[in-house]
Trainee: 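Below you will find the structure I want to go over with you.
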Amino acid sequence: MKVVDFHCDVLCKLLIDEDLNFQGNEPGRLDVTYERLKAAGTVLQTFAIYIPQSMNGRLEPVLESVDRFHQMVLSCEDMIWVRTAQDLDDCVRDGKIGALLSLEGVDGLQGQMSLLRIMYRLGIRAAGLTWNHANWAADGAMEPRGGGLTIKGRRFVEECENLDILLDVSHLSERAFWEVAELSQRPVIASHSNARAICDHPRNLTDAQIEKLIAKQGLIGVTFVPWFVSNAEVVVIDDLLRHIEHICKLGGESHIMLGSDFDGIDRYIEGLTHPGELISLQEALLKRYSEWQTEQFMSGNALRFLRKSLPNA
Ligand SMILES: [Zn+2]
C-alpha cells in the first residue's frame with residue numbers, strides 16, 4: 001500500500017546537527033530516513049522547514065534548511081522533488097519517493113512578500129503562518145491572547161493563493177483559523193492536527209473547524225503526537241483511530257490524510273515510532289475499514305487533492 005505523510009520535522013534535526021545522515025543513518029537518531037521511507041512504501045513525504053526558537057526570525061536558517069533538503073534528501077537515488085502535479089504523477093508511476101517542501105511558521109520571511117515569492121521558487125508548496133506563538137503574520141494556537149491575522153498576515157494569505165502555495169492552518173489560533181478560512185478562496189489544509197472532541201488540546205481542531213475544512217474541500221492530516229491523541233500514559237494506535245472515526249462521523253472520510261510529525265516529537269504512539277512502522281497503522285485500519293477506505297486514509301485522499309492543488313508546471 002502507498003503512503004503519503006504531509007508533515008515531518010527531519011529537516012530541523014539535519015539543520016541543527018551536521019553529523020546526521022538522512023541515508024545510512026544509525027538507528028535511533030532520526031525517525032524519518034531514506035531507508036524507512038522506502039520500507040513504508042511512501043509516495044510522498046512533506047518535509048517541513050521548522051526553525052528552532054533559538055534561531056527563529058532570521059532568513060538564513062530557512063535557506064540552510066533548503067540546502068539540507070537538497071544535499072541530504074534529494075541526493076538519495078529514488079527521491080523525486082515534487083513541485084508540480086506532474087512530478088507527483090511521475091512518482092506514483094515510477095514507484096519513487098516524492099519529497100515536498102513546506103514552511104512551518106513564516107517568522108524568517110520578516111513580513112516581506114518578495115521573500116515568500118522567492119520561497120515559492122525554491123519549491124515551497126505549503127505554508128503555515130505560525131508555529132505555536134505569535135509572529136508578524138498571526139497568533140499561534142498557544143498564544144494566550146488568541147489574536148487573529150495582522151494586515152501583513154492577510155496579505156500573506158492572498159499572496160499564497162496567487163502563488164499556488166497551500167495554506168496550512170494546523171498551528172493557528174482559533175481566531176486566525178477562522179480568518180484564514182473566510183479570507184481564502186481555495187481549500188486549506190490542517191497538516192498535523194487531531195479532533196478536539198476526542199482529545200482536548202489547543203492544537204486540535206473543534207468540530208466546527210473540522211466541518212469548515214471539509215466544506216472548503218480541504219484535508220486534515222491526523223497526527224501521531226501522543227499528547228494530541230490521548231491523555232493516557234500509554235497511547236496506542238487504536239486511540240488514533242478514534243480521531244479518524246470522529247472525523248468520518250462529521251463527514252470527512254474523503255478529507256483524511258496522515259501528518260505524522262515524526263522527528264518533531266520525543267514520545268510516540270506505541271508501535272508507531274517511525275515510517276517503517278506505518279504498516280501497523282494500516283493493519284489496524286483494515287480491521288475497521290475496507291481496503292479502499294484504508295487506502296484513502298493512507299494516501300488516496302491526499303494524492304487526489306494534491307493532483308488538483310499543486311501547480312501544473
Ligand atoms: Zn508542528
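Hydrogens, waters and symmetry mates are skipped; everything else that's a heavy atom, side chains included, is used. Keep in mind the model is a prediction, meaning the values are calculated, not measured. Note that ligands are numbered from 1 as they come in the structure, with each ligand's atoms numbered from 1 the same way.
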Trainee: Would you tell me whether N162 and E158 have side-chain atoms, one donor and one acceptor, within less than 3.5 Å of each other?
Mentor: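 Short answer, no.
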Trainee: Whether the H246 and D207 side chains hold a donor-acceptor pair (N or O, under 3.5 Å, no angle test) is what I'd like checked.
Mentor: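 Looking only at side-chain atoms, D207 and H246 do form a donor-acceptor pair, the distance falling under 3.5 Å.
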Trainee: Side chains of Q293 and R288: is there a donor and an acceptor less than 3.5 Å apart?
Mentor: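 Short answer, no.
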Trainee: With the Zn ion (ligand 1) as the reference point, give the N/O/S atom of H192 that is nearest.
Mentor: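 Closest to the Zn ion (ligand 1) among those atoms: NE2.
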Trainee: Between the Zn ion (ligand 1) and H7, is there an N, O or S atom separated by less than 2.8 Å?
Mentor: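 Coordinating: no.
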Trainee: Using distance alone, with no hydrogens and no angle criterion, decide if Y289 and E245 have a side-chain donor and acceptor under 3.5 Å apart.
Mentor: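 Distance-only check passes for Y289 and E245.
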Trainee: Can you give me the OE2-the Zn ion (ligand 1)-NE2 angle for E104 and H171, to 10°?
Mentor: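 Vertex at the Zn ion (ligand 1): approximately 90°.
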